[in-house]
Amino acid sequence: MRKFIVITLATAAFIAIAGPAAAADHVVSQKDGAFSVGTLQAKSGDEVTFKNEDKVFHNVFSLSKILPFDLGAYGPGQAKKVKLDQPGKIQVECAIHPSMTMVIDVSR
Amino acid sequence: MHAIAKRLLFSSAMATTVIFAMGAASPEASRDRYLRPAEAPAPADNQLTPDRVQLGRALFFDPRLSGSNWISCATCHNPGLGWSDGLPTGWGHGMKKLGRATPTILNTAFNPIQMWDGRKSTLEDQALGPIGADAEMNQPLPELVAKLSKIDGYRSMFKKAYPSEGISEVTIAKAIASFERTVISTESPFDRWRMGDAQAISESAKRGFETFTGKANCQACHSGFNFTDNGFHNIGVKNDGAEDVGRFAQRPVASLKGAFKTPTLRDIALTAPYMRNGAYRTLEEVVEHYDRGGDLKENLSPEIKPLHLSTQEKADLVEFMKSLTGKPMQVALPQLPQ
């Protein structure tokens, strides 16, 4: 019993010091009319930065139920960010260039 | 390789497949991407054969595909008018004026998305849309299958073209799509210049190409050999009160309100009037539109800005665009099956 209490206290102390796993910031670029990845694996709480590395505007959006968003048009060198707050699959497109598609697969 | 497919080819020296020219480099470095790919793509279940193209040609020119038996695909997509109709906007069943210009079908084989608003993805998907639309050809599709099935000539042609598939909405669409895949731009003076004939286009057209790819920023949307990014842009064209949300109806994203698909510039001299509502009669008027940065500013694409072009630069742009027009493809009118 005493051993169990020690382990529990040690675990609690570790969590208190380290905290929960840090959220990641994924970077997805748009270059040559394509996203840099077809499917992005991410965790709930992570963020995704969409970076325009083309010479034309892009407009990343999703009409998915779990995370609908519209980043609006942004030009060369600009970036916009989305926070992933729910698990699930998010279909992402460029409004201007519909051949640009990708999926964000968000796990807990 | 079938003879029909061979007809689609340029010489091997022209074989280049880059279509989507996003991060454009200098005009010299980007030159190859402006040559046509060697082959027009076709889906695995509808590869081109002479029988399929012949059937598709007959269907395309046959007014019996409409409810009135009076309107064919070619009524609006007239090969003598750049595969369009020469009108600001089309006219449909019962002489009903339509809301949008008839787009050319030239080089649609290369487009991954069809229609001004992109509501169809393939030529097979697209082919049946206008036939079945009340406002256009007003022909219920099940009735069309029955109508064609009663014509001996068509029964024979479908059997040759699609031996195990019969006459159906699917095979009607496949055949029309097959014919449309043969409607390909011919070699233009611009192409000959790119292949090394320095005399093929005027000095003005050469300067126009530089302006097109540089100061005027035209290639931000009119990219690749087909001069389209297959993308959607609101370019601020006046609509005379007839609001048309365009792509927004398919994708309700704010920037798409009033956005339409970038049309090809191939054979552009043959396809006046211009813009999705036929707003301009001449290429000079089109250039003026872009030079002033469009008219309607609401939801305007950020790619559209006043250009401050000189009179010479405007004339050069027009000369360049005219150099994209080849000799019109010769099409033999079919004897329609009886």
Side-chain angles (χ1 to χ4, degrees), chain A residues 27-40 48-86 88-104, chain B residues 17-26 29-30 33 41 110-122 213-214 217-224 228-235 245-262 299-305:
Chain A
V27 177
V28 175
S29 64
Q30 295 100 72
K31 192 169 186 184
D32 297 330
F35 289 109
S36 54
V37 294
T39 299
L40 175 69
V48 182
T49 298
F50 290 96
K51 188 176 179 187
N52 185 350
E53 296 183 8
D54 265 324
K55 294 191 174 181
V56 296
F57 280 77
H58 289 299
N59 184 160
V60 176
F61 77 97
S62 177
L63 299 177
S64 64
K65 286 183 181 171
I66 65 164
L67 185 61
F69 65 88
D70 175 9
L71 299 183
Y74 53 103
Q78 294 183 309
K80 297 221 175 178
K81 193 172 279 196
V82 170
K83 186 171 175 79
L84 310 172
D85 51 12
Q86 284 190 62
K89 290 198 175 181
I90 303 166
Q91 188 75 35
V92 177
E93 291 181 40
C94 174
I96 301 168
H97 310 103
S99 61
M100 293 174 60
T101 61
M102 66 167 292
V103 173
I104 306 174
Chain B
T17 55
V18 179
I19 297 175
F20 209 85
M22 278 293 172
S26 69
S30 65
R33 69 179 50 145
F110 296 96
N111 294 346
I113 192 165
Q114 309 291 339
M115 306 286 206
W116 280 113
D117 57 10
R119 65 185 183 276
K120 303 288 186 183
S121 56
T122 67
T213 54
N217 195 35
C218 308
Q219 71 166 9
C221 308
H222 291 285
S223 55
T228 173
D229 59 356
N230 286 295
F232 295 87
H233 309 266
N234 182 329
I235 58 171
V245 298
R247 177 66 172 166
F248 185 81
Q250 308 302 315
R251 293 285 190 278
V253 176
S255 69
L256 293 178
K257 194 170 279 187
F260 294 85
K261 191 159 80 75
T262 309
N299 225 32
L300 186 68
S301 163
E303 302 285 6
I304 304 295
K305 294 171 186 168

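Excluded from the calculations below are hydrogen atoms, water molecules and symmetry mates; all remaining heavy atoms, backbone and side chain alike, are included. So you know, we letter chains A, B, ... as the sequences are listed, proteins then strands, and number each from 1.
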Taking a cut-off of under 4.5 angstrom between non-hydrogen atoms, the residues of residues 248-256 of chain B near chain A are B:R251, B:P252, B:V253, B:A254, B:S255, B:L256
What distance do A:I96 atom CD1 and B:S301 atom OG have between them, rounded to the nearest 0.5 Å?
-> 6.0 Å
Those residues of residues 114-122 of chain B, ordered by number, that approach chain A below 4.5 Å (heavy atom to heavy atom) = none
Go through the atoms of B:P302 and report whether side chain, backbone, both or neither lie under 4.5 Å from a heavy atom of chain A.
-> both
Approximate separation, where rounding is to 0.5 Å, of B:N230 CG and A:H97 NE2 | 10.0 Å
Is there a donor-acceptor contact under 3.5 Å from the side chain of B:E303 to the main chain of A:V56?
-> no
Relative to chain B, which segment of A:A73 carries a heavy atom at a distance below 4.5 Å: side chain, backbone, both, or neither?
-> side chain
Which bit of A:E53 comes within less than 4.5 Å of chain B, counting heavy atoms only: side chain, backbone, both or neither?
-> neither
Just wondering, more than 12 heavy atoms not from A:K51 lying within 6.0 Å of its NZ?
-> no
